[in-house]
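Heads up, the thing below is written out as structure tokens.
Just so we're on the same page: letters track the sequence lines, and every chain starts at 1.
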Amino acid sequence: MRGFYGEVILDHYRFPRNRGKIARADFHAEEENDFCGDMVEVSGIVKKGKIKEIKFRGKGCVISQAAASLLTCYAAKKSAAQIKKMGAEDMQKLLGINLSLTRLKCAELSLVTLKKALALKK
Amino acid sequence: MKKGQYINLKREFRIFRRRINGKPLIYLDSAATSQKPEQVIRAVSDFYAKHNANVHRGVYQLAEEATAMYEGVRKKVAEFIGAELPEEIIFTRGTTESINLVAYTWGEANIKRGDNIVATIMEHHSNFIPWQELCKRKNAQLRLAPITREGKLDVKKFYELIDRKTKLVAITHASNVLGTINPIANIARNLRIKNNKLRILVDGAQAVSHMPINVGKLGCDFYPFSGHKMLGPTGVGVLYAKKDILEKMPPFLFGGNMIRRVSTTARTAWNDVPWKFEAGTASIAQVIGLGAAINYLQKIGMRRIAEHDHSITSYVLNKMKDIRGIEIYGPRTAQDRVGVIAFNIKGIHPHDLATLLDKEGIAVRAGHHCAMPLHREALGTEASVRISLYIYNSEEDVDIFIKALEKICAAFTEKLY
């Protein structure tokens, strides 16, 4: 299994970074993958047009949760415009593996959630 | 065949020569679609190579051949499921279309405001949403019977839902998640006693490939099923319905073949059943392929297939129950069960399990298997892993699957952390 999912993914799954919820967040959203019920919730603070702080909570498969953790690390100090430009390809790059179409949905869940949150930003 | 003995037909399915991630393919997703034997693939390609013409049209030899072959399969299907007449067999694209056909024709004509339709929580979306939508259109009520803790139909509660306003009972013959076989003949008898006017539709998608079917003995009015789950090609399905019901049903799709006479001034006259329900060019090659699939199944014998199913299901259930943290949905034993087994392992997401099994060359399904209400409202889970076995699966396949499962569990619970 290690061979397939890789150390980085398993490490982020086991020790998720930026886990939690920001109480007075500038942006917040929650999304579910209807196909399997996986869930990701993101919240964060924006300062001077950049993401200053970001946290996530969720439940689901290794890919969806590790991807969320990796994305929160990546998104810090990025602008909403930079996040908006990201796609499934970028999530695969963060994870460092090629995914099948179905599993790509797992990887994209946190990105979709974050984009939605930024669009809804107060 | 004695119990514990298996049919082994892998050689006749070319797909098993494939390697997946460097391993021989172990295909455990036959409830989604079965693999196709050489005989079926050849029948389809032979049709295109030697007999291809449209049916019911031309007067030339090829067209006559194609028509005879196509209508020959109708007769074969009728015999295969014990229908009295070939006209009671309508070719569709699959189970879903067959059920929609009933909903849009019989349903539109017969369901009135205040009526109710009774289904069960174990239905596939295709035997659920058409009725949900029909009830919405008609201001009728859709009632769902629950299941017991063991994943069987709660028969007592099911009968309580039936009253004189019940116009239709839509029930699966075998659950595509729980594997549960519903005792249809018995249920149909009791339903008729409670209300002799209601119609019974039995979703045969998961049952027809696993056991001998006799629609007369089952006592149902409609029996839809698909060709592709019973070794046949995709794109062909069947709706069985009693002739007197079909004759009173309005047409479904309009166009070529389904008419007797068309004029710009007078009312169009419909063709006789079953052609009234087969508008447009049918899936001719696929129907021919379905005929070859039935030949293949009959050569083995449906009784023997049912015994194989029982033996292999028993074998795998026995091995699975010892896996730590496993929760198996549906009946605990192979009694009244087809070889469809959904399960979860504590702490491992179904998608991860399916991906990791795939790395071992093992194809399983993960998700809600088109039965969201069953998962969320009855099983209390979002998703599950499902294995489904068929005639080409051996004890060896099961052993490889169990070994892989144990390896993944160990990686998740011990080595990984």
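Within 6.0 Å of the NZ atom in A/K78, the count of heavy atoms belonging to other residues, nucleotides or ligands exceeds 12. Within 6.0 Å of CD on B/E150 lie more than 12 heavy atoms contributed by other residues, nucleotides or ligands. The neighbour count for B/K321 NZ, taken as heavy atoms of other residues, nucleotides or ligands under 6.0 Å away, is above 12. Around atom CZ of B/R93, no more than 12 heavy atoms belonging to other residues, nucleotides or ligands sit under 6.0 Å away. Surrounding CZ of B/R14 are at most 12 heavy atoms belonging to other residues, nucleotides or ligands under 6.0 Å away. Annotation: A/K59, atom NZ; neighbour count of heavy atoms from other residues, nucleotides and ligands within 6.0 Å is above 12. Counting heavy atoms of neighbouring residues, nucleotides and ligands inside a 6.0 Å radius, atom CZ of B/F13 exceeds 12 of them.
No part of B/A354 comes within reach of chain A, as not one of its non-hydrogen atoms sits under 4.5 angstrom from that chain.
Proximity of a side-chain donor or acceptor of B/D352 to a complementary backbone N or O of A/V62 within less than 3.5 Å is detected.
Residue with the most contacts toward chain A among B/K359, B/H349, B/H375: B/H349 (heavy-atom pairs, distance under 4.5 Å). Heavy-atom pairs under 4.5 Å with chain A peak, among B/M372, B/E360, B/R376, at B/R376.
Annotation: residues 36-56 of chain A contacts chain B through A/C36, A/G37, A/D38 [non-hydrogen atoms, separation under 4.5 Å]. Residues of residues 97-112 of chain A having a heavy atom under 4.5 Å from any heavy atom of chain B, listed by number: A/R103, A/C106.
Using a 4.5 Å heavy-atom threshold, the side chains of B/E382 and A/E32 count as touching.
When all heavy atoms of B/H368 and A/F35 are compared, the pair lying nearest together is CD2-O, 3.3 Å.
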